[in-house]
Amino acid sequence: MPEGLEAEIWTRAAQAVVGREIAKVWCDERVAPLGFVESSTGATIEKVRRCGKVVVIDTDGSSLGLHFGMTGRLEIDGTAPIPRLEYASGRDRAEWDRLRLWTVHDHQTSLSTAPALRMNDPRRLGKLTLDADLSGLGADCLTLTSDELTAGLGRRRVAIKSALLDQRVVAGLGNLCADEVLFHAGVAPRRPADSLTPEEIESIGAQCRRCLPRLLAAGGSTHGELSPEVRSAAGPCPLDGAPLARMAIGGRTAVWCPTHQR
DNA sequence: CGGCATGTTTCGCC
DNA sequence: AGGCGAAACATGCC
């Protein structure tokens, strides 16, 4: 579930905790750095922002990074801004919790309140970080310009799909959104990055700025033309009806339309 | 049982 | 040095 769009949704919802003092923290030590609990407890949350796919919580001390891996989710004050889609049949098991963070605010209302922030991640590929260095990230996917994309690509020769997934090239794009953007831009995912014309680069940037906000408003990465259902079925192209192609590119499954993506 | 999954990181080879 | 692909990581689901 978690790509940049999901991180954006969680970041917006988590504005609710700005200004609160962190009263108590529990975390799964297997996904957190040493000292995570000590560094965060007692701090005041000053800002919540997004860097690529990471939700960053700035406090008056350290900054806490929440990365969600493949299956992580976030609940704010007991409410999940994104309802679970995958693992729909399974429950929200407490043993999958990786972070529980209570604030003084919660304690004032009731001792049994839900944590202000709760991260749940069955597959445990997500990570918690302390003062993470996120300076290597490329330009953000939601506002990507053609100049930024050109600079990010450099002289890379890999498939454009692989390049778009490289967070140093563009920050926040995941497997679904990369396919979605290429679908709308009309560029085949296997095209070598250095073979794209300026027009194609511009088209990819334009589609990032146009269709990603639309996906965001619709609820996230899974709400595009190439929804998980369409992807797994690999049926007809939603645009022109041609049979969709499905193939691993750079270790990830790519879905595209060989007719209108060239 | 085999294969697949919305993501990084690491290793080895140019 | 840096680009690149494959493997590793961890676990649930179909």
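Sequence lines set the chain letters: A, B, ... in the order given, protein chains first and strands last, and positions in each chain run from 1. Because only heavy atoms are used, hydrogens play no part in the values below, and waters and symmetry mates are left out as well, while side chains stay in.
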Between [N] ([atom2]) and [X] ([atom1]): distance, integer Å:
| X | N | atom1 | atom2 | result |
| --- | --- | --- | --- | --- |
| A:Met70 | C:dC9 | CE | P | 16 Å |
| A:Ile249 | C:dC4 | CD1 | P | 14 Å |
| A:Asp166 | C:dG5 | CG | C1' | 13 Å |
| A:Leu173 | B:dG7 | CG | C1' | 13 Å |
| A:Arg98 | C:dC9 | CZ | P | 17 Å |
| A:Arg124 | B:dA5 | CZ | C1' | 17 Å |
| A:Arg252 | B:dT8 | CZ | P | 8 Å |
| A:Leu125 | B:dT9 | CG | P | 11 Å |

* **Distance-only side-chain donor-acceptor flag, A:Thr59 / A:Glu46, under 3.5 Å** => no

* Is it true that the side chains of A:Arg50 and A:Thr11 contain a donor and an acceptor less than 3.5 Å apart? -> no

Across the strands shown, which category fits [X] at heavy-atom distances under 4.0 angstrom: base, sugar-phosphate, nothing?
| X | value |
| --- | --- |
| A:Arg156 | sugar-phosphate |
| A:Gly251 | nothing |
| A:Thr253 | sugar-phosphate |
| A:Arg246 | sugar-phosphate |
| A:Lys127 | nothing |

OP1 or OP2 of [N] less than 4.0 angstrom from a side-chain nitrogen or oxygen of [X], does that happen here?
| X | N | result |
| --- | --- | --- |
| A:Gln167 | B:dT8 | yes |
| A:His67 | B:dT8 | yes |
| A:Trp96 | C:dG12 | yes |

* To do: Under a 3.5 Å limit for both distances, which nucleotide forms a Watson-Crick or G-U wobble pair with C:dA10, could you say?
  =>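 Base-paired to nothing in any strand shown.
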
* **Base C:dA10 to side chain A:Arg123, donor-acceptor N/O within 3.5 Å cut-off** =>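 Looking at the base of C:dA10, it does pair with a donor or acceptor on the side chain of A:Arg123 (distance under 3.5 Å).
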
Nearest-neighbour nucleotide for the [X] side chain, [options] considered:
| X | options | value |
| --- | --- | --- |
| A:Arg30 | C:dG12, C:dT11, C:dC4 | C:dT11 |
| A:Asn175 | C:dC13, C:dC4, B:dG7 | B:dG7 |
| A:Val158 | C:dC9, C:dG5, C:dG12 | C:dG5 |

* **Passing option when A:Glu200 is tested against A:Ile160, A:Leu182, A:Val187 for side-chain contact (heavy atoms from CB on, under 4.5 Å)** => A:Val187

* Just by distance, do the side chain of A:Gln15 and the backbone of A:Arg12 share a donor-acceptor pair under 3.5 Å? ->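 Side chain of A:Gln15 to backbone of A:Arg12, a donor-acceptor pair under 3.5 Å: no, none is there.
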
* Is the closest side-chain heavy-atom distance between A:Asn120 and A:Leu99 below 4.5 Å? ->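 They are not in side-chain contact.
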
* Classify the angle between the aromatic ring planes of A:Trp10 and A:Phe68 as parallel (below 30°), tilted (30 to 60°) or perpendicular (above 60°). => tilted

